[in-house]
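Each chain gets a letter, A, B and so on, in the order its sequence line appears, and its residues count up from 1. All heavy atoms count here, side chains included; hydrogens, waters and symmetry mates do not.
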There are 2 protein chains.
Amino acid sequence: MNQKFFKLPQERQDLIRNSAMVEFGGGSFKKTSADSIAKRAGVSKGLLFHYFKDKREMYLYLFQYAIDECVEIFNRHILKNTYFKETDFFLILEKGQKVKMDMVRRHPGLFRFVMRAYYERDSVLTPKLRKKLDDVLAQTTDSFLARADLYKFKDGVDPRAVVRLLTLSAEGMLAETGAYTAEEIETLFLEYQKYAQMLRQNLYKEEYL
Amino acid sequence: MNQKFFKLPQERQDLIRNSAMVEFGGGSFKKTSADSIAKRAGVSKGLLFHYFKDKREMYLYLFQYAIDECVEIFNRHILKNTYFKETDFFLILEKGQKVKMDMVRRHPGLFRFVMRAYYERDSVLTPKLRKKLDDVLAQTTDSFLARADLYKFKDGVDPRAVVRLLTLSAEGMLAETGAYTAEEIETLFLEYQKYAQMLRQNLYKEEYL
DNA sequence: GGGGTCTTGACCGATTTGGTCAACGGCGGT
DNA sequence: ACCGCCGTTGACCAAATCGGTCAAGACCCC
């Protein structure tokens, strides 16, 4: 790909990347046209092919970029929690979800794109990229569980199941609406918090409520 | 649409309907080609346009059909529970989920199709059809909550939130994998049951465990 | 006004699109 | 054996869309 892309102002890079991720996230690789991406970004198709040699390269770059971006905000999140010595499961989770929502605000379509790219049949992704995502996902959960106070849970409660259940519900919400705007995200976040609170209230030992 | 379609053997009707729903469920109305539907069904494109006057008509018919089918299995489910006088929240939910899984087995792609059709921008759906789905969805939840023993829940637990949380997680699972085969469905079902059990164990008053 | 950079929009051949239609094949009746 | 019927096909159509190219414009600083 053309390195000049990175010399563009950040906003313009984001404009192009976000438009592309939204479009790719809305359909398969094949069914997503370069034209629709250009239109969404408000630039000419020619410009896209000026920076990316073809559709495939753009797609692969976006996936790589998306993962890197996830890793970065994830690390920032970790750092914050370490700094504030936050160790409560649901408080970390809440902050994590807030960070995630910020991400959706800055990069609408990123998560949808990543999920779609990962699960697409006839994937265009290299095995390496797939593995990279696997690793990131596994590590985030593990790292999260490692620094949370799991003893607060009642006996017999599997914290992994709690994380997974809440994550699934968040994905369900995202899949339902395909929320993009800040307000939509905020609404979803509030609903999510309700469920998290319900779980906290009932899965924690009484002395930790 | 051509009424002769209904004189076809049931299997063949299903073959065509299911193929169409799977394809429509995988992308937007515009991006889904009649050709791909025909190929999936293993019939010629000409045949499709012999039974449906155009793509739009086929789409609208499928949505109507999908809702009707949902209503039917829903009623069967109600009937069974009434017959067996089942009133436990989680037992009804479990059976309901089983019925749903059977549905996915008989009509792979139906739920994805309905969800996609409902949430698609530039919808091709008539407002009436949208409202019909709204009604069905609202009614199923209400009817379910009405016949379940809600007093078993601890004070302060909102049963509606429990239903919604579990439904969301199921949608999340479906969105993740786009599961189609019977085994995939079975795996998902088991995971779902795990979460339901966890909730039951912790949201019910102790005397009802 | 010259030189460089970002950007455009017209343009290409190839493919795919929704939709049509004449003709085929198999089968039941006679 | 021949007919008529009906579900079905695959070639075919004009139109749109596809990924990708490229010469020329727009804008800037020197």
For atom CG of B:Asn2 and atom C1' of C:dC21, their distance in whole Å: 15 Å

Please determine if B:Arg40 and B:Asp35 form a salt bridge, counting it only when a charged side-chain N lies under 4.0 Å from a carboxylate O. no

Protein and nucleotides 25-30 of chain D: nitrogen or oxygen contacts under 3.5 angstrom:
none

B:Gln64 meets the side chain to side chain donor-acceptor pair (under 3.5 Å) criterion, sequence neighbours left out, with none

Residues of residues 18-35 of chain B with a heavy atom under 4.0 Å from any atom of DNA chain D, listed by number, are none

side-chain contact (heavy atoms from CB on, under 4.5 Å) filter on B:Met115, not counting sequence neighbours, yields B:Glu171

Looking just at side-chain N and O atoms, do A:Tyr204 and A:Asp88 make a donor-acceptor pair shorter than 3.5 Å? yes

Results of ring-ring contact (aromatic ring centres under 6.0 Å, His included) for B:Tyr59 - residues two or more places apart only: B:Phe24, B:Phe29, B:Phe113

Rounded to whole Å, how long is the line connecting atom CG of A:Leu48 with atom P of D:dC22? 17 Å

Would you call A:Asp134 and A:Lys131 a salt bridge, taking side-chain N to carboxylate O under 4.0 Å as the test? no

Residue set satisfying salt bridge (Lys or Arg N to Asp or Glu O under 4.0 Å) with A:Glu186, at least two apart, ordered chain then number -> A:Arg105

Using whole Å, report how far CD1 of B:Ile37 lies from C1' of D:dT9. 18 Å

Steps toward ring pair (Phe, Tyr, Trp, His ring centres under 6.0 Å) verdict (A:Phe63, A:Tyr118): CA-CA 9 Å; A:Phe63 192 77; A:Tyr118 186 81; 7.5 Å; no

Side chains of B:Thr32 and B:Glu23: is there a donor and an acceptor less than 3.5 Å apart? no

Once you round it to whole Å, what is the distance between P of C:dC11 and CZ of A:Phe49? 19 Å

Using the side-chain hydrogen bond (donor to acceptor under 3.5 Å, both in side chains) rule, collect all pairs that involve residues 42-57 of chain B, keeping only residues at least two apart or in two chains. none

Is the ring pair B:Tyr192/B:Phe189 parallel, tilted or perpendicular, if the boundaries are 30 and 60 degrees? parallel

Sort me out a list of protein N/O and nucleotides 12-15 of chain D N/O pairs below 3.5 Å, or just none if empty.
none

Closer than 4.0 angstrom, basic N to acidic O: yes or no for B:Arg147 and B:Asp142? no

Send over the distance from A:Lys55 NZ to D:dT21 P, rounded to a whole Å. 14 Å

Mind checking what makes side chain to side chain donor-acceptor pair (under 3.5 Å) contact with A:Tyr195, not counting sequence neighbours? A:Glu191

Just wondering, do A:Ile78 and A:Phe144 contact through their side chains at under 4.5 Å, heavy atoms? no

Global bending angle along the helix from C:dG1-D:dC30 to C:dT30-D:dA1, which compares the axes of five pairs at either end, to 10 degrees: 10°

What pairs with B:Gln193 under side chain to side chain donor-acceptor pair (under 3.5 Å), at least two apart in sequence or on another chain? B:Glu94

Grab the N/O contacts between the protein and nucleotides 5-8 of chain D below 3.5 Å, and write none if there aren't any.
{"residue": "D:dT8", "atom": "OP1", "partner": "B:Arg12", "partner atom": "NE", "Å": "2.3"}
{"residue": "D:dT8", "atom": "OP1", "partner": "B:Arg12", "partner atom": "NH2", "Å": "2.8"}
{"residue": "D:dT8", "atom": "OP2", "partner": "B:Arg12", "partner atom": "NE", "Å": "3.3"}
{"residue": "D:dT8", "atom": "OP2", "partner": "B:Tyr51", "partner atom": "OH", "Å": "3.2"}

